[in-house]
Participant: 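Please read through the structure below; I'll follow up with questions.
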Protein chains: 2
Amino acid sequence: MLPAMRRARIIELLRKDGMASLKDLTDALDVSLSTLRRDVDYLCESGHLERTHGGAVLNVNRHGSFEPARDIATALESSAKRAIGQRAANLIKPGQTVIFDSGTTTAAAALCVRERGIAFTAFTNDLAIATLLSASPAIQVFVSGGSVRPGSTTLLGSGALHSILRLHADIAFIGTHAMTATDLSDTSIDLAEIKRAFLMAADLVVLLADSSKIFSRAFCSFGRTSQIGLLVTDTRVSPEAEADLRGRGLALDIVPEVPE
Amino acid sequence: MLPAMRRARIIELLRKDGMASLKDLTDALDVSLSTLRRDVDYLCESGHLERTHGGAVLNVNRHGSFEPARDIATALESSAKRAIGQRAANLIKPGQTVIFDSGTTTAAAALCVRERGIAFTAFTNDLAIATLLSASPAIQVFVSGGSVRPGSTTLLGSGALHSILRLHADIAFIGTHAMTATDLSDTSIDLAEIKRAFLMAADLVVLLADSSKIFSRAFCSFGRTSQIGLLVTDTRVSPEAEADLRGRGLALDIVPEVPE
DNA sequence: ATCCATCTTCCAAAAATGATCAAAGTCGTG
DNA sequence: CACGACTTTGATCATTTTTGGAAGATGGAT
């Protein structure tokens with residue numbers, strides 16, 4: 001296994017609970033303790049996580065750091081996200097108004113929609129999504145104002161919130177850091193505030209969440225699964241989780257990972 | 001098999017998981033390790049991917065997600081714009097609030113300020129400027145809302161205008177499409193509306209205009225040269241134009257083009 | 001204080017790398 | 001078609017990087 005891949009997996013494993021012991025990680029990754037220790041040190045140096053005695057915790061403050069380590073960011077742009085994005089993109093009909101929440105999965109969706117070439121109106125609080133959507137002349141892009149979250153491309157704050165509150169859209173694509181059977185949660189209050197507003201602003205709320213997000217919790221709750229019209233996720237979601245969510249009446253769309 | 005074809009296949013294989021080891025690639029492509037290594041080096045040079053020990057990861061920027069740096073990169077090819085930007089950047093003092101109008105010259109200024117590393121607050125209606133400024137943790141970036149002008153990274157419309165009207169800044173860096181001895185003008189009514197608001201919102205208005213803009217006219221007037229506190233331009237401005245502008249009491253800062 | 005898990009430091013084996021070189025292939029020219 | 005100039009390929013080898021383990025130091029519990 002590639003060192004870069006291993007480090008990406010470490011981050012992914014940490015996202016699950018926010019922390020993990022080195023023992024857990026060696027079991028999961030099947031490498032020696034020394035190697036793992038070095039990886040964790042490296043990720044710590046680069047600011048992705050912090051050490052504790054016996055383990056590591058994810059650094060929540062840096063959702064994206066100053067110069068996000070390219071290799072890791074790329075690894076997480078997995079085929080799962082692309083597949084989810086593709087499915088989401090196909091939900092949009094010409095002429096509709098669509099909200100794109102900030103995030104990498106929603107950005108994947110935006111990229112896929114742009115490639116479909118259909119004409120519609122987009123609203124987003126993510127500079128990266130706005131930029132990539134604006135490259136298509138068929139798409140009218142609106143951007144929430146607000147302050148840029150340091151190290152990321154997300155717009156937050158009262159400026160953003162006010163522009164959203166006046167909004168009404170056909171579809172909202174929402175990303176999340178974590179979800180349980182009942183709750184959606186993310187890492188900061190400001191983020192949660194915006195997402196909460198998005199949930200209210202659209203007829204159909206589509207949650208885009210790869211399976212690593214499912215059945216974990218983050219600091220700040222921003223909504224309930226009952227507010228979700230459709231959850232698009234990948235095939236690695238556990239059967240129990242799937243049954244549980246379906247049992248609660250949630251519509252699931254589980255997309256296979258297409259290697260493009 | 002053609003080298004070009006082989007390289008295309010490499011990219012394709014990388015898309016699957018975002019990364020792959022050289023071993024995987026030789027197995028899949030049936031070429032020697034040396035050749036593959038050279039291919040990967042080549043693709044790395046050309047920016048399609050990045051190397052890690054034992055393998056390669058796909059460069060997500062090339063994947064088309066977004067790169068607002070492109071316009072700015074071309075802007076900086078002009079040594080005049082770079083010099084103007086540098087001079088503008090030096091006007092900012094730590095802690096000030098600064099408006100960056102949309103445009104490539106103002107973007108050059110933003111890039112120079114970021115490299116100075118000082119802490120200040122920025123407001124802009126340009127997605128590219130917002131993105132590049134937000135990469136610095138010292139800079140607090142506010143973005144006007146609004147709709148994206150098709151084919152550019154400029155935010156326009158009532159959303160943008162309203163957020164600007166509530167604003168007050170120490171300095172505003174304004175770009176222009178054209179200027180005469182008395183008038184500033186640009187190509188669209190929407191653009192002019194925004195610039196007009198910027199002119200009112202700052203204590204000191206600094207016009208950044210390379211010499212090609214001086215003494216020409218565009219469709220829509222947005223202000224008068226008397227509203228300008230300082231004009232930063234390059235040495236190719238004609239002596240008559242310079243004398244005329246100085247005669248009207250306009251402060252000029254003519255910067256030599258520093259070749260890099 | 002004592003014990004045990006964890007951490008650091010070091011070392012040798014294994015893997016990957018960059019450089020070099022001969023063989024094979026490609027191209028343009030007469 | 002034959003020739004030389006040039007590029008591409010595959011193999012080898014010394015060097016660097018990474019890995020896994022061992023020995024000793026450190027830190028946190030009881």
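Please read all numbers here as calculations on a predicted model, not as lab measurements. To find a chain, count down the sequence lines: A is the first, B the second, and so on, and within it residues start at 1.
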Participant: May I ask you to say what A:Leu33 touches in the nucleic acid, namely base, sugar-phosphate or nothing, with a heavy-atom cut-off under 4.0 Å?
Facilitator: nothing

Participant: Give a yes or no on this: more than 12 heavy atoms of other residues, nucleotides or ligands lie within 6.0 Å of atom CG of A:Leu252.
Facilitator: yes

Participant: What's the NE2-P distance between B:His53 and C:dA14, to the nearest Å?
Facilitator: 16 Å

Participant: For C:dA19, does OP1 or OP2 lie under 4.0 Å from any side-chain N or O of B:Arg37?
Facilitator: no

Participant: Pick from A:Thr131, A:Thr106, A:Thr153: which one makes a side-chain hydrogen bond (donor to acceptor under 3.5 Å, both in side chains) with A:Asp126?
Facilitator: A:Thr153

Participant: Which part of the nucleic acid does B:Ser21 contact within heavy-atom distance under 4.0 Å: base, sugar-phosphate only, or nothing?
Facilitator: nothing

Participant: Taking CE from A:Met5 and P from D:dT18, how many angstroms apart are they, rounded to a whole number?
Facilitator: 18 Å

Participant: Do the side chains of B:Asp41 and B:Arg51 get close enough for a salt bridge, i.e. N-O under 4.0 angstrom?
Facilitator: yes

Participant: Is the number of heavy atoms from other residues, nucleotides or ligands within 6.0 Å of CG (A:Asp30) greater than 12?
Facilitator: no

Participant: Answer whether the closest heavy-atom distance between the side chains of B:Thr35 and B:Arg38 falls below 4.5 Å.
Facilitator: yes

Participant: So, applying side chain to side chain contact (heavy atoms under 4.5 Å, CB included) with A:Arg149, which one of A:Asp190, A:Leu191, A:Asn125, A:Leu127 is it?
Facilitator: A:Leu191

Participant: Give each protein N/O atom lying under 3.5 Å from an N/O atom of nucleotides 7-10 of chain D, with the pair distance.
Facilitator:
{"residue": "D:dT9", "atom": "OP1", "partner": "B:Arg6", "partner atom": "NH1", "Å": "2.7"}
{"residue": "D:dT9", "atom": "OP1", "partner": "B:Arg6", "partner atom": "NH2", "Å": "3.3"}
{"residue": "D:dT9", "atom": "OP2", "partner": "B:Arg6", "partner atom": "NH2", "Å": "3.3"}
{"residue": "D:dG10", "atom": "OP2", "partner": "B:Ser32", "partner atom": "N", "Å": "3.4"}
{"residue": "D:dG10", "atom": "OP2", "partner": "B:Ser32", "partner atom": "OG", "Å": "3.3"}
{"residue": "D:dG10", "atom": "OP2", "partner": "B:Thr35", "partner atom": "OG1", "Å": "2.6"}
{"residue": "D:dG10", "atom": "N7", "partner": "B:Arg38", "partner atom": "NH2", "Å": "2.7"}
{"residue": "D:dG10", "atom": "O6", "partner": "B:Arg38", "partner atom": "NH1", "Å": "3.4"}

Participant: If I take atom CZ in residue A:Arg51 and atom C1' in nucleotide C:dA5, what distance separates them, rounded to the nearest angstrom?
Facilitator: 13 Å

Participant: Using the closest heavy atom to pick a nucleotide of DNA chain C for each, name whichever of A:Leu22 or B:Lys23 lands nearer the 5' end.
Facilitator: A:Leu22

